[in-house]
Amino acid sequence: MSAFADEAIKVSEKSLTAGALPPVRIGICGLGTVGSGTVNVMARNCDEIAARCGRRIDIVQIGARRDNPNCDTSHLNVTREIFDVANNPDVDVVVELIGGTTVARELVLTAIANGKHVVTANKALIAEHGNELFAAAAEQGVTIAYEAAVAGGIPIIKSLREGLVGNRIQWLAGIINGTGNYILTEMREKGRSFAEALSQAQALGYAEADPTFDVEGIDAAHKLVIMASLAFGMPLAFDKVYTEGISGVAREDIQYADELGYRIKHLGIARRTEDGVELRVHPTLIPQRRLIANVNGVMNAVLVSGDAVGPTLYYGAGAGAEATASAVIADIVDVARTLNVRPDQRVPLAGVTQDSQGNLDDVLPMGDTVTSYYMRIFAHDKPGVMSQVAKICSDQGISIEALIQHEPAEDEELVPVVLLTSRARESQLQEAVNQIEALSTIQAPVVRIRVESLG
Ligand code: HSE
């Protein structure tokens with residue numbers, strides 16, 4: 001045992017009174033970034049953690065295919081067989097930090113079948129298999145906790161299921177992918193193209209070599225459905241999220257947005273409407289004056305609006321070894337606290353239908369969504385073009401709220417015309433875009449980005 005860990009455990013033992021509850025025995029699967037961060041933070045802060053929890057938390061086993069030089073496990077029982085942890089009779093709580101959805105699903109189901117509680121940081125696993133896993137956990141009377149799956153260190157899951165429990169949640173909107181936010185921030189602040197900003201994100205280790213999950217919105221969609229299931233008491237509906245990434249966002253759109261008083265952010269939005277729940281991930285213009293519009297770099301933020309509390313904002317690091325470990329440990333402590341509570345009296349973890357108002361099982365088709373739009377149209381600089389565009393919009397019941405057209409450069413035939421529209425149904429806007437793109441005076445495609453006031 002390292003001198004540091006030894007000392008830490010002694011302190012924690014001293015701080016707990018005799019006759020205290022026995023330690024909670026955890027097994028950690030995966031020793032990557034989050035796993036090593038969790039081991040390190042648990043060793044460093046074990047005194048405070050034990051005091052707050054009312055009992056010590058012992059790592060009785062770690063399952064990892066390889067060691068991680070970023071953490072010292074010399075004093076711990078490490079196995080290369082991850083399933084040993086899920087089958088270990090001395091483990092009360094399995095902490096799944098291996099990622100992926102195939103082995104991780106099997107591992108979690110094994111742990112549940114063995115009557116163990118589960119803590120996971122795996123958003124894809126919860127978003128795609130959560131309904132199955134929660135049903136299995138309910139059957140066994142065990143808990144699955146997943147604070148670290150959404151927005152890293154921000155305690156948004158606890159906020160939704162505990163802090164805001166008295167509210168009817170109306171909507172939430174979040175910057176829930178740090179890589180995407182970093183890229184958009186670089187594009188705005190340094191005038192970089194998407195490709196340049198992505199390379200920079202890769203060089204700094206924010207973006208993977210294959211950045212698809214981050215830049216095409218899949219990672220954000222995973223996180224969004226998890227939050228929506230808690231906010232609205234609906235099943236996890238990952239396959240119903242409308243998902244659009246940031247790879248099509250151009251530098252000039254960020255500049256025009258600035259000129260109009262907006263920032264472009266990649267948002268995950270969930271909103272309760274009378275006809276169903278909106279679940280959508282896409283680049284969005286939001287007013288510069290909103291706090292969330294000023295969340296930059298890799299930071300995450302989530303706005304949640306409840307009927308009693310009004311809008312609330314949660315901000316912090318959405319990734320990173322120790323920020324995510326902070327959420328993992330919060331869940332371990334949460335699970336430890338509920339061990340003596342009957343399963344039906346624990347804080348519900350997901351999918352509890354709150355009421356029968358609104359079709360909470362129904363995800364609204366994207367075509368029925370109502371928002372304002374930013375449009376950038378490449379038009380020939382000829383008389384009558386704007387009136388054609390305005391007529392098409394007005395025929396679809398869409399009014400033009402703002403317009404930018406700069407003088408064309410001398411040798412340019414095409415000029416960009418930028419419009420902000422009134423709120424309109426997506427299907428009508430799409431029809432207008434189709435008609436505008438068919439005009440001979442326009443060069444397709446029309447760039448279209450949704451606008452949200454978030455007020
Ligand atoms: N890849 C994620 C992001 C972090 O960039 O926000 C983990 O969820």
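Both ligands and their constituent atoms are indexed starting at 1 by order of listing.
At a threshold of 4.0 Å, the pair Arg280-Glu452 counts as salt-bridged, since one of the basic side-chain nitrogens sits closer than that to a carboxylate oxygen.
If you look at ligand 1, the protein residues with a non-hydrogen atom under 4.0 Å away are Lys123, Asn177, Gly178, Thr179, Asp214, Asp219, Lys223, Ala319.
A distance-only check finds no donor-acceptor pair linking the side chain of Asn88 to the backbone of Gln61 [under 3.5 Å]. Side-chain atoms of Asn181 do not come within 3.5 Å of backbone N or O of Val298 as any donor-acceptor pair. A distance-only check finds no donor-acceptor pair linking the side chain of Lys223 to the backbone of Gly268 [under 3.5 Å].
Counting non-hydrogen atoms of neighbouring residues, nucleotides and ligands closer than 6.0 angstrom, the CZ atom of Arg80 exceeds 12 such neighbours.
Thr102 contributes atom OG1, which lies 12.0 Å from atom CG of Leu107 (distance to the nearest 0.5 angstrom).
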